[in-house]
J.: 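Quick one: this structure, given as structure tokens, is what I'll be asking you about.
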Amino acid sequence: MYDTPLILKFDDIDAGMLPLVGGKAANLGVLTTAGLPVPPGLCVTTEAYRRVTEQAGLEEVLDALAVTAAGETRALNELAGRARELVLAAPVPADIADAVRRSAHGPVAVRSSATAEDLPHASFAGQQDTYLNVIGAAAVLDAVRRCWASLWSDRAVAYRAANGIDHRAVLAAVVIQEMVQSEVAGVMFTANPVTGRRREAVIDASPGLGEAVVSGAVNPDHFVVDTATGRITERRLGDKRLAVRSLPGGGVEHVETGMEGACVTDAQIRALAELGGRVEDHYGSPQDTEWAVDAGGALWLTQSRPITTLFPVPRHARPAGAGSAVAGAGRRTDPTARRTDRAAHLRSGGHAGPGGSGPVGGEPGGARIYFSFSVAQGIYAPITPMGMSAFRLLSSSAAALLGVPVTDRLDGAPQFAEAAGRMFIDVTGMMRSRVGRMGLPRVLDVMEARSATVLRGLFDDPRFSVTQRSVRPALRRLVKNAIRFRIPARAAQALLKPEKAHRRAERLGVRLRAQLAAPADATALERLDHVERILGTRAVPLLPTVVPGPLAGFAMLGLAYRLLGDRARPGELQTVLRGLPHNVTTEMDLALWHLATRIRADREAVSLLLGTPAAELADRFGDGTLPGVVDRGLKEFLAVYGVRAVAEIDLGVPRWSEDPTHVIGVLANYLRLEDPALSPDALFARGAAEAVLMIKSLSARVGGVRGLIVRFALSRARALAGIRELPKFSMVTILAAMRAELVTIGTGLTTHGLLDSPQDIFFLTMEEVRTALTPTPGKTTPEQNAPAPSEGRTPAASRQSTPAPSGGSTPTAPGDAAPPYPATLRVLVSERREDAARERRRRHLPRVLLSDGTEPEAVATAAPVDGALTGTPASAGSVTGIARVVLDPVGAHLEPGEILVCPSTDPGWTPLFLTAGGLVMEMGGANSHGAVVAREYGIPAVVGVASATEHIVTGQRITLDGTSGMVITA
């Protein structure tokens, strides 16, 4: 009746069986097949769980969970409790019970293995239960039942809710593994989870079973090892006062220990690091492993899963074919499969230059510095795949202006890189250049000051010493482009007659509107050609025509600064830039304010805007049912500024002209402003008046000819500096026009059944869209030309429920019978939307990242503070907040942002992490369960802080530095 197996040995499990065996068992099967030292065992498959629970009556609970928010902790806990009771009460069919009993041979460890567990994007560390040293058939069956029920533990349900994982999609398998009676055991990360540095093994060890280290019940010995050389770079011994040991009749006990010295030898530490390197190479990504050494000295691996908290190292190459839209996200259906290319990438220090390969990141001269352009632009959400394609083309065009060769313009400039859907720039060359080192941080001082500080902190790193000392190459490029775009002449003209610079800016707008639209009768391929041509060759060269104006304005500001010297007090020159005219962004804000002023005269319209949700008003605007003054005013505003949006540099983001909800919300807020003195036009006028007075004051302080020059310079700065916003507005205008062209193409693909909506095109790349549109021999329709899903990816509907064939599956080629190709692009878009939604939950984005994975901010420790409590850094970052000391998690409550201070944590504590602003633990190491979850939730953490619950009291304001390991209490 049932063909799906109930029991599978590790030897029979491969990477494609995740839906059948869960994450933990899939990993153990892969490790076993690879010949790594894994204790033998087997898996009770998800088929057993499915059959046991299909009559348990979980539907009502699942329906309730689907509408319960992650923050509703009490409701989630109640539903989890009901689910556990139903699972434990469900009868176990005789064939399943017999199969489990027959698997019980000697002492075993019984562990949960859920289908949403040990995945590349969510580890689920400790969220389901483990039972150690289980002896006897009845005890094993009971442990299996409890593992099934632990899929519904409070912490597991809260974790799934926090990570947006569908409770219905998760099934439970159970691992039954031969028990290793370890003399010493622990946890090893094959990359440093705090600093991000790859190929650096971090090992925590303690006597007895590894549960003491994993649970955070002990302060373990801590070691850091350079995997490439085997050199132990850090050694910190813990007190190891507690050990977990097996009892003869089954179960475990906690015993006091008093071990002096290290519990592992240097030879064992190096052997562990070498084993970790083998595991990482096999998976092609850094791993979080558990290990044990038995009485005979044999080294065993008992678990391996991806480290989910590491930010991926940026890579230059485009994601291959129809791979994930989020670089580094991995293929979720095959988290355990070996990826040779990724392994090579890791062996090279994690850096990939043009074409996907590059120098060894850890070697002198080979390390790279990546600056996050996304963070600098204030864009924290992942950029859509089409938006990334657009920026690759724009970067190619910019590189061409600078004389930098580009192999393939779709790849972008050699310095362009991406990771986790964010844009990075490889600034290594600039940092090793005398000119770049002087200029880049100064530009960032204005643009993103913290990044400038981080980059200056790398000046003394010998890997990034200056090798290009001559200024001549940079000067030649500068002069060449200055002559090409007549920048000196136009700057001089702007100084003499600012109105000419303003007219030139107006003409730029006219030129843009004339060039941006494709012919109305253009085919889809012709429209795509037009988009690539505008972005790849036309857009960037337009901008230098308007740059001379603001360049001259800021040059005048610099001249005034030098002439004034110490006569200008701090902040006074900034006053000169208040209320700048000719600033397109300021003009936009004032235009919206003036619209609000007109609406005030219509009481009915005011009442409607103040009493109706913005989204509903946006729908009414689309239907044409808003009051006339609002409808006309919005149309006029959007005709000029509808190209803008929040996160507008992403071509994939809808413009205000498509969705005016945000604009309407701002308009309503303006209507709530009662004080005329605080109105935008009053503030602007006041700022402009203060600027004029400041110019008079500053020029008078100098007096004479110098004073006249200062007055002229500052007046020209005011007249020209406002144009600085125009280049970005012009670029946004270009992106909005290209977005409209792509929506038209997307409409055609939707008509042909390849996409569900025209907007889906933004989750594809330009290359993929061209593949879908280009006829090939024997394939004349878009359906037949659609790109196939990447290897290992399957339709979302089957991802969690149907086990893949042994060895994985081969994607069907276009034109074959199955899967039907109108569905393949839709599947790809759906997966990428899921990837993007998961990436939006990422708590921390690095400003600067090195090619070995190191985040410089995470290793720049603060100076010691007198009186500070010290411990082990466990999750990087700093937070100041109110402490709450909790000795027992049962019934405990944390206000959002409070810092949790506790003796130690096991998985039962983790629901408190959802609202915690930080974590301080008296016990545990950097690899303990509490530290792992803190990193996943993005909250700073320090562990191993002696007597923290005695020195800190609830309500006390403390500062926690998870990078240095300090807790400042005063």
Side-chain angles (χ1 to χ4, degrees), residues 10 21-28 31 38-44 46 49 84 87-88 100 103-104 106-119 122-136 139-157 159 170-182 185-188 204 206 208-218 242-247 250-254 288-292 300-305 904-910 924 927-930 932-933:
F10 289 171
V21 299
K24 187 179 281 86
N27 281 315
L28 290 169
L31 293 171
V38 176
L42 50 84
C43 173
V44 182
T46 56
Y49 172 84
R84 287 195 302 275
V87 172
L88 287 171
V100 171
S103 69
V108 293
V110 181
R111 296 174 166 178
S112 303
S113 179
T115 52
E117 181 177 29
D118 294 351
L119 303 180
S123 73
F124 276 72
Q127 299 307 307
Q128 277 82 234
D129 285 346
T130 290
Y131 297 92
L132 300 176
N133 198 41
V134 182
I135 299 175
V140 170
L141 179 58
D142 181 65
V144 168
R145 292 174 63 110
R146 294 185 180 279
C147 283
W148 288 335
S150 75
L151 188 68
W152 302 101
S153 67
D154 293 352
R155 58 187 181 264
V157 169
Y159 189 97
V170 184
L171 300 174
V174 180
V175 166
I176 301 174
Q177 189 174 23
E178 184 178 302
M179 189 72 190
V180 177
Q181 304 297 349
S182 56
V187 176
M188 172 174 56
D204 283 354
S206 189
L209 304 181
E211 178 65 17
V213 175
V214 173
S215 67
V218 66
L242 180 73
V244 179
R245 299 195 184 278
S246 297
L247 290 169
V252 297
E253 63 175 346
H254 293 68
D288 165 7
T289 68
E290 295 178 22
W291 55 271
W300 298 95
L301 274 172
T302 57
Q303 187 172 332
S304 183
R305 56 177 172 246
S904 64
T905 64
D906 62 17
W909 288 74
T910 51
N927 296 343
S928 62
H929 157 268
V932 170
V933 177

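Atom set for the values below is all heavy atoms of this structure, side chains included, hydrogens, waters and symmetry mates excluded.
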J.: Here's a test for you: under side-chain contact (heavy atoms from CB on, under 4.5 Å), which of Val175, Val134, Val174 qualifies with Val144?
T.: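 The option that passes is Val174.
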
J.: For the atom pair CD (Gln177) and CH2 (Trp300), what is the distance rounded to the nearest 0.5 Å?
T.: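 Atom-to-atom, Gln177:CD and Trp300:CH2 are 9.5 Å apart.
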
J.: If we ignore hydrogens and angles and just use 3.5 Å, is the side chain of Asn27 paired with the main-chain N or O of Ser304 as donor and acceptor?
T.: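 Yes.
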
J.: For the backbone of Gln303 and the side chain of Lys24, can you confirm whether one donor and one acceptor N or O come within less than 3.5 Å of each other?
T.: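 Judged by distance alone, no pair lies under 3.5 Å.
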
J.: Ser113 side chain to Ala25 main-chain N or O, any donor-acceptor pair under 3.5 Å?
T.: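 Confirmed, Ser113 side chain pairs with Ala25 backbone.
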
J.: What distance do Arg305 atom CZ and Glu290 atom CD have between them, rounded to the nearest 0.5 Å?
T.: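 Rounded to the nearest 0.5 Å, the CZ-CD separation comes out at 5.5 Å.
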
J.: What are the two closest non-hydrogen atoms of Ala212 and Val218, and how far apart are they?
T.: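 For Ala212 versus Val218, the nearest heavy atoms are O-CG1, 3.3 Å.
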
J.: Rounded to the nearest 0.5 Å, what separation is found between the OG atom of Ser246 and the CD1 atom of Ile135?
T.: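 Going from the OG atom of Ser246 to the CD1 atom of Ile135 covers 8.0 Å.
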
J.: Quick one: CD1 on Ile176 to OH on Tyr131, what's the gap to the nearest 0.5 Å?
T.: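 So the gap between those two atoms works out to 13.5 Å.
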
J.: Would a distance-only check, ignoring hydrogens and angles, find a side-chain to backbone donor-acceptor pair under 3.5 Å from Ser153 to Ala156?
T.: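 Between the backbone of Ala156 and the side chain of Ser153 there is a qualifying donor-acceptor contact (under 3.5 Å).
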
J.: If we ignore hydrogens and angles and just use 3.5 Å, is the side chain of Arg145 paired with the main-chain N or O of Leu88 as donor and acceptor?
T.: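 Yes, the answer is positive, given that a donor and an acceptor are paired below the 3.5 Å cut-off.
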
J.: Within the distance-only criterion (no hydrogens, no angle test), does the side chain of Ser182 pair as donor or acceptor with the backbone N or O of Gly208 below 3.5 angstrom?
T.: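 Here the side-chain-to-backbone pair exists.
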
J.: For Thr46 versus Val21, what's the shortest heavy-atom pair and its separation?
T.: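 Of all heavy-atom pairs spanning Thr46 and Val21, the closest is CG2-N, 4.5 Å.
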
J.: Around Arg146, counting heavy atoms of other residues, nucleotides and ligands shown, do more than 12 lie under 6.0 Å from its CZ?
T.: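 12 or below, so no.
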
J.: What do the steps show when you test Glu211 against Val252 for side chain to side chain contact (heavy atoms under 4.5 Å, CB included), and what is the final call?
T.: CA-CA 10 Å; Glu211 178 65 17; Val252 297; over 6 Å; no

J.: Do you know the tightest heavy-atom contact between Trp291 and Thr302?
T.: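 Here Trp291 and Thr302 meet closest at N-OG1, 4.0 Å.
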
J.: Do you know the tightest heavy-atom contact between Trp152 and Val87?
T.: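 Minimum heavy-atom separation between Trp152 and Val87: CD1-CG2, 3.8 Å.
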
J.: Is any side-chain heavy atom of Ser112 less than 4.5 Å from a side-chain heavy atom of Leu151?
T.: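 A side-chain contact under 4.5 Å is absent here.
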
J.: When rounded to the nearest 0.5 angstrom, what distance separates CZ in Arg245 from CG in Leu132?
T.: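 Going from CZ on Arg245 over to CG on Leu132, the span is 13.5 Å.
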
J.: To the nearest 0.5 angstrom, please state how far the CG atom of Leu171 sits from the OH atom of Tyr49.
T.: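 That separation rounds to 7.0 Å.
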
J.: Which atom pair, heavy atoms only, marks the closest approach of Asn133 to Met179?
T.: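 For Asn133 and Met179, the tightest heavy-atom pair comes out as N-SD, 3.4 Å.
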
